[in-house]
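Everything below concerns the one structure shown next.
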There are 2 protein chains.
Amino acid sequence: MPRARTSNPTRSDVILGQIRVDILNGRLAPGSRLGFADLGERYAVSAGVLREVLTRLVEQGLAESEAQFGFRVVDVSIERLIQLTDARVAIETLVTRQAIAAGDIAWEADVVAKHHALARIGDSMFSEGITEEWLTAHEAFHASILSGCKNAYLIEIALRLRSISEVYRCWSRPEHTRTHRDVASEHREIMAAAIGRDADRAVELTEAHIRLTTELLISGRTAELSSP
Amino acid sequence: MPRARTSNPTRSDVILGQIRVDILNGRLAPGSRLGFADLGERYAVSAGVLREVLTRLVEQGLAESEAQFGFRVVDVSIERLIQLTDARVAIETLVTRQAIAAGDIAWEADVVAKHHALARIGDSMFSEGITEEWLTAHEAFHASILSGCKNAYLIEIALRLRSISEVYRCWSRPEHTRTHRDVASEHREIMAAAIGRDADRAVELTEAHIRLTTELLISGRTAELSSP
DNA sequence: AAACGACAAATCTTCGAAATAATCTTGACA
DNA sequence: TGTCAAGATTATTTCGAAGATTTGTCGTTT
């Protein structure tokens with residue numbers, strides 16, 4: 001739910017974005033406490049705006065709070081990850097189906113454009129792991145597919161779940177998520193199915209895409225736990 | 001998304017609840033501005049806590065905000081209501097199906113109990129319109145059915161959408177939503193289908209229940225507009 | 001030795017004023 | 001007469017300190 005008027009973003013908006021990125025990248029570890037003193041020094045803001053930012057983070061599902069006890073980064077667990085994955089599969093397949101049914105030519109063009117940008121960034125990124133730039137393009141590509149759906153509520157829900165799942169990205173070692181799969185061709189096939197109006201195939205590919213990420217995340221995590 | 005520790009609710013929590021109820025009941029009209037001066041006097045709080053409360057309202061989908069322009073109650077329109085209804089049908093049928101598949105005996109007992117309470121309140125409420133008490137029981141009944149689903153994310157989404165749709169309740173004249181339907185038997189049938197583990201029928205009834213409410217809302221609204 | 005109660009430290013929560021930005025009014029100019 | 005610009009007004013946003021609550025620790029009691 002971004003603010004409508006982008007001309008003059010509030011200080012809160014800026015800080016919210018910074019903390020958000022830091023949570024999603026793991027610089028603020030899952031489950032760790034978000035004390036006002038620490039954060040106030042880290043981002044150079046007062047307790048007042050911090051309180052607002054943390055509150056928004058809670059409503060977005062990226063933080064938790066207890067009254068009179070402060071805030072902490074949303075905690076992670078395999079149980080939650082599995083539930084989150086199921087929810088994402090259910091919602092995103094639903095939205096994808098509606099997008100393919102309702103998307104017009106402008107939608108197709110947008111999907112193709114976003115995929116192209118993602119593919120080019122992926123090419124020039126051979127072995128250097130996942131960059132900030134790639135993450136943005138990746139998000140934009142999937143968002144473009146969902147945007148074909150005419151229901152703003154469902155799209156918002158799908159994006160929200162996707163955002164929460166980003167917290168788990170910093171969970172496993174990078175090599176696990178990169179080496180054993182061909183993400184590029186997965187994206188190419190999803191795009192082809194979408195603009196080819198093959199809803200069943202697109203849904204099938206999307207589900208596989210989401211579930212594979214989760215499985216690699218879990219296996220990477222367990223491997224890390226058993227052999228630190 | 002209630003706070004975990006209920007022992008000492010924060011002042012923000014209290015005010016949030018009050019404003020929330022006032023929005024859902026239409027005492028704060030849809031689309032109306034939420035100025036800090038007015039609200040500060042109305043609820044006897046400072047601008048600081050108001051700011052936090054309004055922020056949470058935005059994230060919950062009950063208010064909107066523009067930077068440097070303040071907050072307003074979420075605006076309503078037939079277009080939005082239709083989208084919201086579609087989203088609710090999609091999500092709630094999904095959750096209902098999972099609840100019927102996964103719910104245990106304790107879940108069944110809870111559904112029966114909540115339905116009983118709702119039915120008794122409905123009986124003792126012949127023609128006096130909808131009371132606050134009935135609304136609470138109504139919400140609890142539907143929530144109990146959804147609670148059978150093991151996926152916390154999906155349940156939260158369903159409840160969130162249900163909360164947003166409450167804003168539309170104050171849209172039409174009371175008589176339209178009461179006279180031309182038998183809500184009690186709709187609920188009874190939904191309960192029977194749920195604990196009878198008849199997923200298809202429960203989904204069918206739930207969808208009809210949601211869509212009928214929307215249709216009566218829209219027809220009541222258009223009638224009101226054409227003959228004020 | 002364990003349990004209970006009170007004190008102290010730290011933290012979150014609230015407030016009211018100052019700083020900042022946007023809108024509205026007023027006046028002048030083309 | 002219509003348009004534009006600048007000042008005045010109103011409202012939002014931010015800040016730092018005071019108030020309230022919880023947690024941890026220490027001493028006493030059973």
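Values below: all heavy atoms of this structure, side chains included; hydrogens, waters and symmetry mates excluded. In the text below, chain A, chain B and the rest are named by the order of the sequence lines, each starting its count at 1. Owing to the predicted nature of the structure, the values given are computational and were not obtained by experimental measurement.
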Check salt bridge (Lys or Arg N to Asp or Glu O under 4.0 Å) between [X] and all other residues, then give those that pass, not counting sequence neighbours.
| X | answer |
| --- | --- |
| B/R162 | B/E92 |
| A/D22 | A/R27, A/R42 |
| B/R211 | B/D86, B/E207 |
| A/D38 | none |

Query raised in the report: Is the distance from OP1 or OP2 of D/dC15 to the nearest side-chain N or O of A/R11 less than 4.0 Å?
Result: yes
Query - N/O (side chain, B/S12) to phosphate O (OP1/OP2, C/dT13) under 4.0 Å - result: no
Query raised in the report: In residues 31-46 of chain A, what residues come within less than 4.0 Å of DNA chain D, judged by heavy atoms?
Result: A/S46
Roughly how many Å is it from [atom1] in [X] to [atom2] in [N], rounded to a whole number?
| X | N | atom1 | atom2 | result |
| --- | --- | --- | --- | --- |
| A/D13 | C/dA21 | CG | C1' | 14 Å |
| A/L50 | C/dT14 | CG | P | 15 Å |
| A/R72 | D/dT23 | CZ | C1' | 13 Å |
| B/F69 | C/dA21 | CZ | C1' | 12 Å |
| A/E66 | C/dT11 | CD | C1' | 14 Å |

In terms of side-chain heavy atoms of [X], which of [options] is nearest?
| X | options | value |
| --- | --- | --- |
| A/R51 | D/dT22, D/dT14, C/dT13 | C/dT13 |
| B/F71 | D/dT23, D/dT13, D/dT21 | D/dT13 |
| A/T10 | D/dT23, D/dT14, C/dT14 | D/dT14 |
| A/Q68 | D/dT21, D/dC15, C/dA22 | D/dT21 |

Report task. Quick one: which residue pairs count as a salt bridge (charged side-chain N to carboxylate O under 4.0 Å, His left out) with a foot in residues 134-148 of chain A, not counting sequence neighbours? Result -> none
Requested in this report: Please report how far the helix from C/dA1-D/dT30 to C/dA30-D/dT1 bends, comparing the axis fitted to its first five pairs with the axis fitted to its last five, to the nearest 10 degrees.
Outcome: 20°
Query - Salt-bridge criterion met for A/K150 and A/D104 (N-O under 4.0 Å) - result: no
Report task. For the pair B/E64 and B/R72, find out whether any cationic side-chain nitrogen is under 4.0 Å from an anionic carboxylate oxygen. Result -> no
**Report entry** Qualifying residues under side chain to side chain contact (heavy atoms under 4.5 Å, CB included), relative to A/S163, sequence neighbours excluded
**Finding:** A/R20, A/L62
Query raised in the report: Sequence neighbours excluded, which residues qualify as ring pair (Phe, Tyr, Trp, His ring centres under 6.0 Å) partners of A/H115?
Result: A/F141
